[in-house]
Enquirer: 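Following this message is one structure expressed as structure tokens.
Below, all heavy atoms of this structure are taken into account, side chains as well, without hydrogens, waters or symmetry copies. Atoms within each ligand, like the ligands themselves, are counted from 1 in listed order.
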Amino acid sequence: MNNKPIGVFDSGLGGLTAVRELRRIMPNENIIYFGDTGRMPYGGRPREQIRKIAVQNIEFAEGFGVKAILAACGTISSNAQDILANNETRTVGVLTPGAKELAETGFKRLGVIATATSIKSGAFQAEISRFAPDAEVTAVACPDFVPMIESGHILRTDALVKKVVASTLEPLRAAKVQALLLGCTHYGIIAEAINDYLPDTVLVGAADASARAMKRYLTDTDALSDGECAESYYTSGSVEDFVSLAPILLGYELKSAVLFTPPAPLEDDV
Ligand code: DGL
């Protein structure tokens, strides 16, 4: 047993989809969540900035004495794979768990959607091909999804959501993709709208897959918690926005106050 917290981070609220799954499958864990909303979106930033952000966010989480970290962000997972893999505190990303679960569907026409910087890295495509070498992979960047979601447009009935989903995902419909990886943790939030547009496609959430990978790691290392369920939340952006949207994404009320922490500086280093 290990009752130390798990640190989870993302650019904003998208990583809460991973927290929701962590909570569902491991009810006794203490989770510390950091949404870097002050620097969101990550998805159009250059790779070197993303790598710097990865190091900063890991350091932030480690400041709480965490037993493990979940980088609940496709952009970081695909551009800083080596940084996560080599970190002393075990750091699980969404890339490998997501690609593996997509391949496990057994379909041969696969797709992945993620941020522009994620798709540009080629990491999702490579990881999917590693697990499913015979599959044809269609990769599509969705630069409009995260700003739309963070501004509260999430419902399948929302006209903007429908329009943006249809105009962005058309290549996947054309390719008759059978299973699609949601390679950005924000995208699970609009899964219903994606499903409406691609009704014959099986959706695989990288956020959910990463939560399951975390559970496997904690189980294998006998590090699950038997303590009280607890959550703490930090944001580098608007506390008010976090408080109003987060319960919708989590599916339950926030378990503590949301605290502001200033965005870490980037400019000197890139
Ligand atoms: N949710 C993150 C991801 O999985 C970041 C999205 C963004 O900030 O652009 O990629």
Side-chain angles (χ1 to χ4, degrees), residues 7-22 33-47 49-54 56-58 60-61 69-81 83-84 91-99 101-102 112-125 127-128 139-154 164 168 180-191 194 203-211 213-214 233 235-238 241-242 245-246 249-250 263-264 266:
V8 183
F9 63 77
D10 181 34
S11 66
L13 299 174
L16 291 174
T17 58
V19 173
R20 181 182 182 142
E21 183 64 7
L22 284 174
Y33 185 80
F34 172 50
D36 195 7
T37 322
R39 302 194 292 185
M40 190 270 311
Y42 287 173
R45 289 179 180 274
R47 180 179 170 86
Q49 264 191 17
I50 296 298
R51 294 173 63 78
K52 170 77 182 165
I53 289 172
Q56 291 173 332
N57 289 357
I58 285 171
F60 182 79
I69 297 172
L70 180 53
C73 174
T75 313
I76 285 183
S77 302
S78 57
N79 284 279
Q81 231 179 321
I83 294 173
L84 306 192
T91 303
V92 175
V94 305
L95 174 68
T96 302
E101 288 200 7
L102 182 74
V112 56
I113 53 174
T115 68
T117 305
S118 294
I119 296 298
K120 197 170 158 210
S121 76
F124 273 104
Q125 298 91 315
E127 198 70 340
I128 294 166
V140 174
C142 307
D144 299 327
F145 280 14
V146 169
M148 177 179 80
I149 292 165
E150 291 270 347
S151 64
H153 292 279
I154 56 176
V164 171
T168 312
L180 175 66
L181 179 62
L182 310 183
C184 166
T185 51
H186 279 76
Y187 298 175
I189 299 165
I190 55 165
I194 296 170
L203 303 184
V204 176
D208 289 357
S210 71
M214 176 62 82
Y233 318 95
T235 178
S236 61
S238 161
D241 289 353
F242 194 111
L245 260 184
L249 309 187
L250 287 169
L266 275 174

Enquirer: Can you sort out which atoms of ligand 1 are near C184, meaning under 4.0 Å from one of its heavy atoms?
Expert: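 Those atoms are 1 (N), 2 (C), 3 (C), 4 (O), 6 (C), 10 (O).
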Enquirer: Nearest protein heavy atom to atom 7 (C) of ligand 1, by residue and atom, and its distance?
Expert: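 For atom 7 (C) of ligand 1, the nearest protein heavy atom comes out as Y42 N, 3.3 Å.
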Enquirer: If the test is side-chain contact (heavy atoms from CB on, under 4.5 Å), which one of S11, C73, P41 qualifies with H186?
Expert: S11
Enquirer: Among all protein heavy atoms in this structure, tell me which lies nearest to atom 5 (C) of ligand 1, with the distance rounded to 0.1 Å.
Expert: S11 OG, 3.3 Å
Enquirer: In Å and rounded to the nearest 0.5 Å, what is the OG to CD distance from S78 to Q125?
Expert: 9.0 Å
Enquirer: Identify the protein heavy atom lying closest to atom 2 (C) of ligand 1, giving its residue, its atom name and the separation to 0.1 Å.
Expert: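 That would be D10 OD1, 3.0 Å.
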Enquirer: Among all residues two or more places apart in sequence or in another chain, which pass the salt bridge (charged side-chain N to carboxylate O under 4.0 Å, His left out) test with E127?
Expert: R130
Enquirer: Give the minimum heavy-atom separation between N79 and T117, together with the two atoms involved.
Expert: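 Minimum heavy-atom contact is ND2-O, 3.3 Å.
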Enquirer: Looking only at distances, please establish whether an N/O atom of ligand 1 is found under 3.5 Å from an N/O atom of P41.
Expert: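 Min N/O separation from ligand 1 is not below 3.5 Å for P41.
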Enquirer: L266 versus R45: any side-chain heavy-atom pair under 4.5 Å?
Expert: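 The answer is yes; the side chains approach within 4.5 Å.
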Enquirer: Between R39 and Q56, is there a side-chain donor-acceptor contact under 3.5 Å, judged purely by atom types and distance?
Expert: yes
Enquirer: Which of the numbered atoms in ligand 1 are below 4.0 angstrom from a heavy atom of T185?
Expert: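 Ligand 1 atoms under the 4.0 Å threshold to T185: 1 (N), 2 (C), 3 (C), 4 (O).
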Enquirer: Among all residues two or more places apart in sequence or in another chain, which pass the ring pair (Phe, Tyr, Trp, His ring centres under 6.0 Å) test with Y187?
Expert: F145
Enquirer: Does any N or O atom in V146 lie less than 3.5 angstrom from one in ligand 1, N or O only?
Expert: no
Enquirer: Quick one: are D208 and E101 in side-chain contact, heavy atoms under 4.5 Å?
Expert: no
Enquirer: Checking a contact table here: which protein heavy atom is nearest atom 4 (O) of ligand 1, and how many Å away?
Expert: G74 N, 2.5 Å
Enquirer: Note the single closest protein heavy atom to atom 10 (O) of ligand 1, along with its residue, its atom name and the distance in Å.
Expert: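 Answer, as residue, atom name and distance: T75 OG1, 2.6 Å.
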Enquirer: Would you give the length of the straight line joining atom CG of D36 to atom CG of L13, rounded to the nearest 0.5 angstrom?
Expert: 11.5 Å
Enquirer: Using a 4.0 Å heavy-atom threshold (strictly under), name the region of C73 that reaches ligand 1: side chain, backbone, both or neither.
Expert: both
Enquirer: Using a strict 4.0 Å cut-off to heavy atoms of G43, name the atoms of ligand 1 that fall inside it.
Expert: 7 (C), 8 (O), 9 (O)
Enquirer: In terms of residue, atom name and distance, what is the protein heavy atom nearest to atom 1 (N) of ligand 1?
Expert: H186 ND1, 2.7 Å
Enquirer: At less than 4.0 angstrom from any non-hydrogen atom of T115, what atoms of ligand 1 do you find?
Expert: 6 (C), 9 (O), 10 (O)
